[in-house]
2 protein chains.
Amino acid sequence: MAVTQATRTNTKETLRNHARRLFAERGYEGVSMRDIAGSVGIQQSAIYNHFPSKQHLLVDLMESHMHRLLDAMYRAVESDATPVERLTQFARFHVKYQLEESDDVFLAYMELRSLEPDSKAIVIPLRNEYERTLREILEDGAKSGVFHVADAAVVARGLLAMMTGVTVWFRDGGRLDRETVANTYVTTALQAVGYKG
Amino acid sequence: MAVTQATRTNTKETLRNHARRLFAERGYEGVSMRDIAGSVGIQQSAIYNHFPSKQHLLVDLMESHMHRLLDAMYRAVESDATPVERLTQFARFHVKYQLEESDDVFLAYMELRSLEPDSKAIVIPLRNEYERTLREILEDGAKSGVFHVADAAVVARGLLAMMTGVTVWFRDGGRLDRETVANTYVTTALQAVGYKG
DNA sequence: GTCTATAAAGGGATAGAC
DNA sequence: GTCTATCCCTTTATAGAC
């Protein structure tokens with residue numbers, strides 16, 4: 001849907017929003033600068049007043065997403081809580097965040113391969129930091145005997161993949177609401193790490 | 001790596017193999033017919049002697065993959081076994097198949113969006129059939145009381161996402177071998193459905 | 001069945017007017 | 001900051017010689 005000049009107060013942010021949606025839907029390579037400009041309602045060349053290249057636009061989206069994700073996660077997970085509490089908080093946060101920001105999440109997950117090496121070197125550590133947080137929760141729970149995981153790194157990646165997958169099928173207005181879905185994933189995650197609630 | 005005329009006995013199959021690898025690595029939109037032809041060692045126009053279009057080539061890969069996947073799964077999972085046995089068989093099969101045919105699996109997972117509607121109508125039902133098999137295992141186990149799942153459909157999709165994710169990080173020669181990884185996923189899947197082994 | 005050549009369209013990015 | 005116009009390259013696909 002094109003946006004008229006009158007309704008657009010900040011072209012740069014509008015470009016981010018439309019590019020995010022289009023990249024998530026069709027993939028970075030499947031979207032042209034003309035597609036993005038057309039969606040926003042400007043000419044393709046005007047994008048270059050805001051971003052120096054298509055690649056920079058992708059990096060801008062992915063890097064800022066990762067920082068927002070990490071900030072929100074650290075707010076949601078209490079670092080001095082028990083492993084069971086932290087896993088519950090992490091899982092609930094993760095699923096709900098996926099559903100709220102599904103385009104950002106899908107983009108960051110899918111388009112790492114479209115990043116040039118320099119850009120990848122920025123995004124990958126942020127991704128690892130997120131994964132490490134979950135792994136350490138599992139390790140702490142295993143140490144104290146409440147969790148039973150054969151390999152914390154493998155299970156952490158498995159849980160992340162499981163929970164991230166919610167964006168593939170969930171639609172508002174379907175059989176289940178967001179809260180119910182989040183609860184199901186939290187329960188499944190706790191069971192998966194062998195917690196006998 | 002280009003293939004010389006002498007070593008190539010079946011251009012069509014060689015094209016499939018190279019296209020599969022390239023599509024999985026860079027995405028359908030990120031690979032040109034010239035890339036594929038160059039990889040095989042022929043001119044781009046020669047591809048059209050074997051496939052009428054790039055889209056037909058993608059559909060050929062995805063559809064044949066889904067049929068092979070379903071056939072192999074039905075051979076691996078004994079339909080008259082107990083739910084615990086069937087889940088064990090399914091999970092072990094799934095993880096090992098992902099690792100053996102990771103390009104095919106990744107392609108089928110990622111490039112559904114690149115399929116035109118007619119092609120999608122062929123592939124989606126095959127995908128649903130696979131997912132339904134796992135869901136029915138969970139439902140049978142829940143009925144007999146050995147599994148405890150809040151929602152069999154959600155948990156089935158969650159387990160598939162979890163196990164499919166193995167292709168993202170696993171590399172031969174790393175800290176863990178395929179058998180160990182498969183065992184970890186099988187154990188995690190059984191715990192996730194609340195089985196008290 | 002593969003080649004060279006080419007058509008017709010679309011890609012990212014830039015120049016310069018306003 | 002956006003526009004029109006354009007550059008230069010790549011894209012999928014086809015035509016016709018061999």
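Excluded from the calculations below are hydrogen atoms, water molecules and symmetry mates; all remaining heavy atoms, backbone and side chain alike, are included. Note on naming: letters A, B, ... go to the chains in the order of the sequence lines (proteins, then strands), and numbering restarts at 1 for each one.
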K.L.:
Output the rounded distance in Å from NE2 (B/His50) to C1' (D/dA13).
P.N.:
16 Å
K.L.:
Give every donor-acceptor pair under 3.5 Å between a side-chain atom in residues 133-148 of chain A and any protein atom, sequence neighbours left out.
P.N.:
from	atom 1	to	atom 2	distance (Å)
A/Thr133	OG1	A/Glu129	O	3.0
A/Arg135	NE	A/Glu139	OE2	3.3
A/Asp140	OD2	A/Arg86	NH1	3.4
A/Asp140	OD2	A/Arg86	NH2	2.9
A/Ser144	OG	A/Asp140	O	3.3
A/Ser144	OG	A/Gly141	O	3.3
A/His148	ND1	A/Gly194	O	3.2

K.L.:
A/Tyr28: what forms a ring-ring contact (aromatic ring centres under 6.0 Å, His included) with it, not counting sequence neighbours?
P.N.:
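ring-ring contact (aromatic ring centres under 6.0 Å, His included) check on A/Tyr28 returns A/Phe23.
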K.L.:
Take atom CD of B/Glu29 and atom P of D/dT10, then tell me their distance rounded to the nearest Å.
P.N.:
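Distance, rounded to whole Å: 18 Å.
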K.L.:
Output every pair passing ring pair (Phe, Tyr, Trp, His ring centres under 6.0 Å) with a member in residues 94-144 of chain A, not counting sequence neighbours, ordered by first then second residue.
P.N.:
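As it turns out, the ring pair (Phe, Tyr, Trp, His ring centres under 6.0 Å) pairs with a partner in residues 94-144 of chain A, which skip direct neighbours, are A/Phe90-A/Tyr130, A/Phe93-A/Tyr97, A/His94-A/Tyr130.
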K.L.:
Could you list the donor-acceptor pairs under 3.5 angstrom formed between side-chain atoms of residues 75-83 of chain A and any protein atom two or more places apart in sequence or on another chain?
P.N.:
from	atom 1	to	atom 2	distance (Å)
A/Glu78	OE1	A/Gln89	NE2	2.6
A/Thr82	OG1	A/Glu85	N	3.1
A/Thr82	OG1	A/Glu85	OE1	3.3

K.L.:
Go through the structure and list residues passing ring-ring contact (aromatic ring centres under 6.0 Å, His included) with B/Tyr185, not counting sequence neighbours.
P.N.:
none
K.L.:
Reading nucleotides 4-18 of chain C from the 5' end, what letters show protein touch, with B for base, S for backbone sugar-phosphate only, - for no heavy atom under 4.0 Å?
P.N.:
B------BBBBB---
